[in-house]
Amino acid sequence: MAPPTPVLPHLAIDFFAPAHEVAAALIGVELLVDGVGGRIVETEAYDRDDPASHSHRGPTLRNAAMFGPPGRAYVYRSYGIHWCLNVVCGPEGHGAGVLIRALAPTHGLARMRERRGLQDVRLLAAGPGRLGQALAIDPRLNGRPLDQPPFELRPRAGTEQVQIQTGPRIGITRAADVPWRFGEAASPFLSRPFPRR
DNA sequence: AGCACGATAGACT
DNA sequence: GTCTATCGTGCTT
């Protein structure tokens with residue numbers, strides 16, 4: 001794993017870029033759903049040419065949104081229980097996405113605490129399933145544009161620098177060594193710490 | 001059968 | 001306090 005790397009500030013997100021670039025670009029961006037959310041601190045990239053990706057075997061009913069226009073949501077059910085949120089990226093039809101794994105809550109904390117049934121702010125959205133519950137992600141949001149309500153994406157300020165860590169993705173068996181997990185270095189809101197090298 | 005997960009229980013430092 | 005193992009849950013292959 002590489003040491004923390006400074007990332008240049010930017011004002012807009014290019015969703016047509018490759019998944020690993022979008023995944024890094026989304027760190028520090030504020031994500032809200034119906035005004036509830038926070039600052040993205042952890043993402044993972046998935047690509048068509050990637051045996052760990054839902055899109056790897058081509059379009060199906062479940063992953064259809066991944067093959068639609070970039071900048072939209074791909075929502076899927078995980079382990080029969082959780083709803084998880086991805087950002088579709090890459091050229092339209094390419095089948096790439098970025099899993100939003102964790103955020104630092106900034107807006108609507110009371111709402112998130114209700115939905116999660118706990119108080120500890122660090123556990124409200126530290127993991128894709130927890131985030132899904134905290135933001136009330138559900139399949140009605142599948143395919144919806146992320147620049148329109150109920151979504152809101154607020155790119156970080158042009159002057160803001162973010163320290164990004166990378167490492168292996170979590171909870172996968174195939175391509176487990178690919179370092180396509182991205183996180184804000186040392187954030188207390190990560191789903192898990194990054195392994196030391 | 002196999003999951004892009006999380007809560008819990010139990011062991012250990 | 002930390003770490004690890006177990007299992008619920010429903011949908012895809």
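Chain identifiers are assigned alphabetically (A, B, ...) following the order of the sequence lines, protein sequences preceding nucleic acid strands; residue numbering begins at 1 within each chain.
Regarding A:Ile81, its CD1 atom lies at a distance of 18 Å from the P atom of B:dG2, rounded to whole Å. Atom pair A:Arg62:CZ and C:dT13:P shows a separation of 6 Å (rounding to whole Å applied). As a whole-Å value, the separation of A:Arg57 CZ from B:dC3 C1' is 11 Å. Following rounding to the nearest Å, A:Tyr74 (OH) and C:dT12 (C1') show an atom-to-atom distance of 10 Å. Straight-line distance from the CD1 atom of A:Ile170 to the C1' atom of B:dC5: 11 Å, rounded to whole Å. Residue A:Arg77 contributes atom CZ, which lies 11 Å from atom P of C:dT9 at whole-angstrom precision. A straight line from CH2 of A:Trp83 to C1' of B:dA4 spans 15 Å, rounded to a whole angstrom. Distance, A:Arg130 CZ to B:dT8 C1': 12 Å, rounded to whole Å.
At least one side-chain nitrogen or oxygen of A:Arg101 sits closer than 4.0 Å to the OP1 or OP2 atom of B:dC5. When the side-chain nitrogen and oxygen atoms of A:Arg174 are compared with OP1 and OP2 of B:dA4, none of them lie within a distance under 4.0 Å.
Distances were taken from every side-chain heavy atom of A:Arg116 (C-beta onward) to each of C:dC11, B:dA4, B:dA7; the shortest belongs to B:dA7. Side-chain proximity of A:Thr173 to the nucleotides B:dC3, C:dT12, B:dA7 is greatest for B:dC3. Relative to the side chain of A:Ser53, the nucleotides B:dA4, B:dA7, C:dT9 differ in distance, and B:dA4 lies closest. Of the candidates C:dT13, C:dT9, B:dA4, the closest approach to any side-chain atom of A:His54 belongs to B:dA4. For A:Tyr79, whose side chain is taken as the heavy atoms from C-beta onward, the closest listed nucleotide among C:dG10, C:dT13, B:dC5 is B:dC5. Set against C:dT13, B:dA7, B:dA4, the side chain of A:Asn86 has B:dA4 as its closest nucleotide. The A:His82 side chain lies nearest to C:dG8 when the options are C:dG10, C:dG8, B:dA4.
Here A:Gly80 lies in heavy-atom contact (under 4.0 Å) with a base. No contact: A:Ser191 has no heavy atom under 4.0 Å from any strand. Within 4.0 Å (heavy atoms only), A:Ile172 reaches sugar-phosphate atoms of the nucleic acid but no base atom. Within 4.0 Å (heavy atoms only), A:Arg169 reaches no atom of the nucleic acid at all. Using a 4.0 Å heavy-atom cutoff across all strands shown, A:Leu61 reaches no nucleic acid atom at all.
For the pair A:Arg115 and A:Val36, the minimum side-chain heavy-atom distance is below 4.5 Å. Between A:Trp180 and A:Glu44 there is no side-chain heavy-atom pair separated by less than 4.5 Å. With contacts defined as side-chain heavy-atom distances shorter than 4.5 Å, the pair A:Leu124/A:Arg130 does not qualify. Within the 4.5 Å cutoff, no side-chain heavy atoms of A:His56 are placed close to those of A:Tyr46. Counting only heavy atoms from C-beta outward, the side chains of A:Phe189 and A:Arg39 never approach each other to under 4.5 Å.
Side-chain contact, A:Glu42 with A:Ser187: no donor N or O sits under 3.5 Å from an acceptor N or O.
Nucleotide B:dA7 forms a Watson-Crick or G-U wobble pair with C:dT6, both donor-acceptor distances falling under 3.5 Å.
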